[in-house]
Each structure stands twice: as C-alpha cells, then as structure tokens.
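This report refers to the structure that appears directly beneath it.
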Amino acid sequence: MDVPIKKKQFSKSRIALIGGGIALIGLIAFVIMSTSGGSKLNVAKERISMNIVKNDVFQENIPVNGIVLPITTIYLDALEGGRVEEKFVEDGAIMKKGEPILRLSNTDLELSLINQETSVYNLLTQMQISQNAARQNTINRRNQFTDVENSLIEAKRLYDLNQRLYDKDAIGRQDYESSKNNYEYQKERMQLAKQVLKQDSISTKQEVGQSQSSYARTRSALELMRKKVGDLVVRAPVDGQLTSLDAEIGQSKNKGERLGQIDVLSGFKVRVDIDEHYISRIYSGQKGTFTFNNKQYTLVIKKVFTQVANGRFQVDMHFDGDIPEGIRRGQNLQIRVALSAEKQALLVAKGGFFQKTGGNWIFKVSEDGDTAYKVNIRLGSQNTEYYEVLEGLNPGDQVVTSSYDSFGDTEELILK
C-alpha cells in the first residue's frame with residue numbers, strides 16, 4: 001500500500017520570488033529615503049565647532065595689510081650730472097638740513113663757470129671805461145656851456161650899454177646893431193647849449209641804465225652758474241634719515257637721476273592696500289584699528305589714491321593719538337578698517353560653513369544637543385569675526401560653524 005507523501009508548504013521558486021520582492025521593496029525604500037533628503041550622518045562633537053547666536057554691538061569692517069612709512073619722504077635727485085668723486089656719509093645716516101651727502105664733478109660745468117666769471121669781469125671793465133668816458137664828455141659839455149653862458153652875459157652887457165648910448169646919439173647905428181645881433185646870437189647859442197646838455201644827461205642816464213641792466217643780467221647768470229656748480233655737492237634738504245642711497249665712487253650720474261631719499265623722522269604713516277571692490281566705500285576720515293604689543297591703536301585715512309593696479313588701490317593712514325613705541329619703517333600691520341558705524345545686531349561667528357553654503361543655510365543644533373539640522377538663513381554685512389544675521393535664527397540658537405566639506409548632502413547630523 002502506497003504511503004502518502006506530505007507536500008512542502010513553500011517551493012524553491014516561491015521562496016526566490018518572495019526574496020526578490022523583499023529586495024525590491026528595500027531598494028525602493030532606499031531610493032525614497034535618498035531622494036526625500038532624510039539622510040543622516042554621525043559626527044563627533046569634538047571634531048566640529050559650535051557657536052551661540054547672540055545679540056551684540058556690530059560694526060562692519062574689512063581686514064587689510066599696511067606697511068609703516070615715514071610721515072614725509074624727500075627724494076634726492078641729481079640736479080646736475082657728473083661723476084661721483086666723494087661720499088661724505090653712508091646709507092642710514094641721520095642727517096641735518098644742509099649737511100653734504102656726496103660730491104659730483106663736472107668739468108664742462110666748472111669750465112662754463114670760469115668763462116662766465118671772465119665775461120662778468122670783462123663787462124665790468126667795459127662799464128667802468130664807458131662811465132669814465134661819459135663823465136669826461138659831461139665835463140666837456142659843461143665847460144662849453146659855461147663858455148656860452150659867459151659869452152651871453154658879455155653880449156647882453158655890451159648890448160645894454162650900446163642901447164643907452166644909441167638912445168643918447170653917442171654911438172652910431174652900426175655899433176648898436178652889431179651888439180644887438182651878437183646878443184641875439186649868444187641867446188640862441190645858450191638855448192642850443194641847454195638842449196645839448198639836457199640831451200647829454202638823458203643819454204648818459206640811458207647808457208648807465210643799460211650798462212647796469214646788462215651787468216645785472218650777467219651777474220645773475222654768473223650766480224646761476226655758481227649755483228649749478230654748487231649743486232654738484234648733494235646736501236640734505238631737511239632733517240631726517242638717509243635711505244636708499246645709490247651712489248658709488250667713480251659712478252656717473254645723469255641729471256635728474258635718483259640718488260636716494262631722506263625720511264623725515266618726526267612721525268609715521270601707514271600705506272594700506274585695499275581690494276578695488278571697496279573703492280566706493282573708502283573715503284578720508286574713516287578709521288581703522290590694529291593691535292601692537294597687546295595694545296590697540298587707531299589710524300585715520302588721510303589720502304585715497306584712486307588709481308587701481310592689480311585689482312587693488314592704496315590709502316595713506318595717519319595715527320590718531322598715540323604712536324606705538326618701537327614701531328619701525330617697513331613694519332607690516334594687520335588693520336581692520338571700519339566701513340560703518342556701530343549698531344546692535346544678531347551675530348553668528350564666522351567659520352568654514354560659509355564656503356559650502358554661501359550663507360544661505362546652516363546646521364542648527366537641536367535643544368537636546370543630540371542632532372543638528374539644516375535651516376535657511378539670510379546674512380547681511382560682515383566683519384573680521386562675525387556675520388550679521390537678518391533672517392532664520394534667534395538669539396541663543398546654537399549652530400555648527402566649522403567646514404561642511406565632509407558632510408556631503410547630509411540633511412541631519414547625529415552628534416556623538
């Protein structure tokens with residue numbers, strides 16, 4: 001008799017079918033979870049930075065680099081070309097106004113000075129000869145005038161006498177007319193002599209004036225030439241420190257060539273480079289601060305150079321108040337330049353999160369501190385330490401401010 005065999009509940013094909021269905025459901029669930037943004041990531045708290053959002057005083061500023069320079073720099077240029085014959089001081093020397101720095105030689109210039117001096121002396125000699133001749137001529141004309149004047153007096157005396165005698169019929173008409181004609185003649189000579197003497201005086205004055213003017217011009221040219229020769233000795237124009245001296249014995253220097261500079265040591269300024277993005281927001285009177293030897297100092301913008309080079313422009317800042325003791329020319333300073341007045345604002349600390357989010361969202365820590373989730377935010381101005389929060393956060397909120405580069409597209413952080 002046949003023994004009935006009990007049929008199995010699940011066949012192999014059915015088990016395979018059920019397994020495939022479960023795998024398909026799992027895949028669908030994974031895809032749904034992936035596309036729904038619900039991904040999570042375990043993060044160790046000690047590997048991230050978290051900060052509290054707070055209300056505080058805020059001032060927009062930008063960090064810039066500045067270099068300390070003397071308050072005034074006077075450049076030394078060769079006023080006349082020549083060969084360097086002698087150096088009286090070395091680079092870095094402290095100079096007083098008028099002290100010699102170096103001496104140049106220029107034989108052509110020195111020869112021109114000698115020729116000019118000779119011309120002046122020759123002209124002076126000629127002037128003296130001309131003046132002596134003019135004086136002698138004047139003496140002669142005055143002597144002639146005296147003779148004419150004496151002849152006129154004698155002619156008038158004889159005329160007056162003959163007129164009285166003629167009126168008494170003591171002399172003939174011929175004698176009377178002769179004395180009268182002689183008197184008229186002497187009067188005309190007298191008028192002519194006066195005109196000649198007057199014209200001589202005018203001519204003499206003109207000649208003397210022209211000679212003196214010519215002599216003055218020649219003297220001025222001589223003084224100018226002497227000054228040009230004197231400029232071969234380069235002297236300090238002001239009190240200060242000699243820097244950047246570029247001259248060696250035997251070296252030839254052209255007229256106008258830079259020899260060095262004098263730094264006035266009465267004070268300092270700071271030359272600052274600023275990104276051209278801020279050129280419309282920088283103006284004279286704005287202030288900046290920096291820390292030196294654990295003490296904060298203030299600078300004020302005095303001059304803005306609007307010329308842009310390599311994406312940057314420059315400003316000169318002067319110290320407002322105390323100047324740091326021990327500060328030196330060429331020193332670099334880290335300065336924060338204020339772009340706005342102080343105000344109360346909601347602030348979040350700056351951090352690496354901004355590079356990933358662009359300031360559009362941030363991970364906000366839950367109240368229990370176990371998780372952090374994305375929230376949309378809107379940021380405003382910034383300074384070297386904080387961003388101004390306009391929307392999305394409240395005072396006391398705790399947020400993750402460190403870099404998000406390792407988080408990928410994670411929507412929620414599990415904080416361990």
Side-chain angles (χ1 to χ4, degrees), residues 57-77 237-238 240-246 256-293 295-324 326-343 345 347-352 354-355 358-360 378-388 390:
V57 176
F58 175 77
Q59 184 180 53
E60 185 181 3
N61 57 50
I62 55 173
V64 295
N65 293 322
I67 184 170
V68 179
L69 298 175
I71 192 70
T72 303
T73 296
I74 307 297
Y75 293 104
L76 300 174
D77 294 337
V238 293
Q241 184 178 25
L242 175 64
T243 59
S244 304
L245 181 61
D246 180 19
E257 188 173 347
R258 180 64 46 82
L259 301 176
Q261 62 189 48
I262 297 287
D263 295 334
V264 178
L265 301 179
S266 59
F268 294 96
K269 65 183 177 183
V270 180
R271 181 68 54 82
V272 178
D273 286 331
I274 302 178
D275 191 284
E276 65 177 334
H277 173 75
Y278 299 101
I279 195 168
S280 61
R281 303 187 63 187
I282 297 296
Y283 52 87
S284 296
Q286 280 179 290
K287 294 187 176 182
T289 58
F290 70 96
T291 302
F292 188 85
N293 289 338
K295 184 178 178 181
Q296 183 169 286
Y297 296 90
T298 303
L299 295 165
V300 179
I301 295 178
K302 291 294 184 180
K303 186 175 183 180
V304 179
F305 301 92
T306 55
Q307 183 178 2
V308 177
N310 299 321
R312 308 187 73 80
F313 68 100
Q314 293 182 323
V315 301
D316 277 349
M317 304 187 75
H318 291 192
F319 288 92
D320 186 19
D322 295 337
I323 298 177
I327 201 166
R328 292 292 182 267
R329 181 184 188 276
Q331 206 160 358
N332 285 301
L333 301 178
Q334 303 293 321
I335 305 166
R336 291 185 297 178
V337 176
L339 299 180
S340 68
E342 292 185 346
K343 63 179 180 179
L347 306 178
V348 60
K350 298 184 77 171
F354 190 87
Q355 281 68 35
N360 296 313
R378 186 164 68 90
L379 303 180
S381 302
Q382 60 178 298
N383 58 27
T384 55
E385 298 176 351
Y386 296 101
Y387 292 111
E388 179 186 14
L390 301 179

Closest approach of [X] to [Y] (non-hydrogen atoms, all atoms of both residues):
| X | Y | value |
| --- | --- | --- |
| Asp275 | Phe313 | O-CE2, 3.3 Å |
| Leu76 | Arg258 | O-CD, 3.5 Å |
| Phe290 | Pro324 | CZ-CG, 3.8 Å |
| Arg271 | Phe305 | NE-CE1, 3.9 Å |
| Pro237 | Ile262 | CD-CG1, 4.0 Å |
| Tyr297 | Ile323 | CE2-C, 4.3 Å |

Let me see the working for His318 and Ile71 under side-chain contact (heavy atoms from CB on, under 4.5 Å), right down to the final yes or no. CA-CA 8 Å; His318 291 192; Ile71 192 70; 3.5 Å; yes

Under the side chain to side chain contact (heavy atoms under 4.5 Å, CB included) test against Val315, which residue among Asp273, Ile274, Val270 passes? Ile274

Side-chain touch [X]/[Y], heavy atoms, less than 4.5 angstrom:
| X | Y | value |
| --- | --- | --- |
| Leu333 | Ile327 | yes |
| Lys269 | Leu69 | yes |
| Thr73 | Thr243 | no |
| Leu299 | Phe319 | yes |
| Phe354 | Gln382 | no |

Could you tabulate the donor-acceptor pairs under 3.5 Å formed by side-chain atoms of residues 334-341, not counting sequence neighbours?
| from | atom 1 | to | atom 2 | distance (Å) |
| --- | --- | --- | --- | --- |
| Gln334 | NE2 | Asn65 | OD1 | 2.8 |
| Arg336 | NH1 | Thr384 | OG1 | 3.4 |
| Ser340 | OG | Glu60 | N | 3.0 |

More than 12 foreign heavy atoms under 6.0 Å from NZ of Lys350: is that the case here? yes

Out of curiosity, [X] [atom1] to [Y] [atom2], how far, rounded to the nearest 0.5 Å?
| X | Y | atom1 | atom2 | result |
| --- | --- | --- | --- | --- |
| Phe268 | Gln331 | CZ | CD | 9.0 Å |
| Gln261 | Gln241 | CD | CD | 10.0 Å |
| Glu385 | Asn61 | CD | CG | 8.0 Å |
| Thr298 | Met317 | OG1 | CE | 9.0 Å |
| Gln307 | Ile279 | CD | CD1 | 10.0 Å |
| Glu388 | Leu379 | CD | CG | 9.0 Å |

Classify the side-chain pair Asp316/Gln314 by whether it contains a donor and acceptor separated by less than 3.5 Å. no

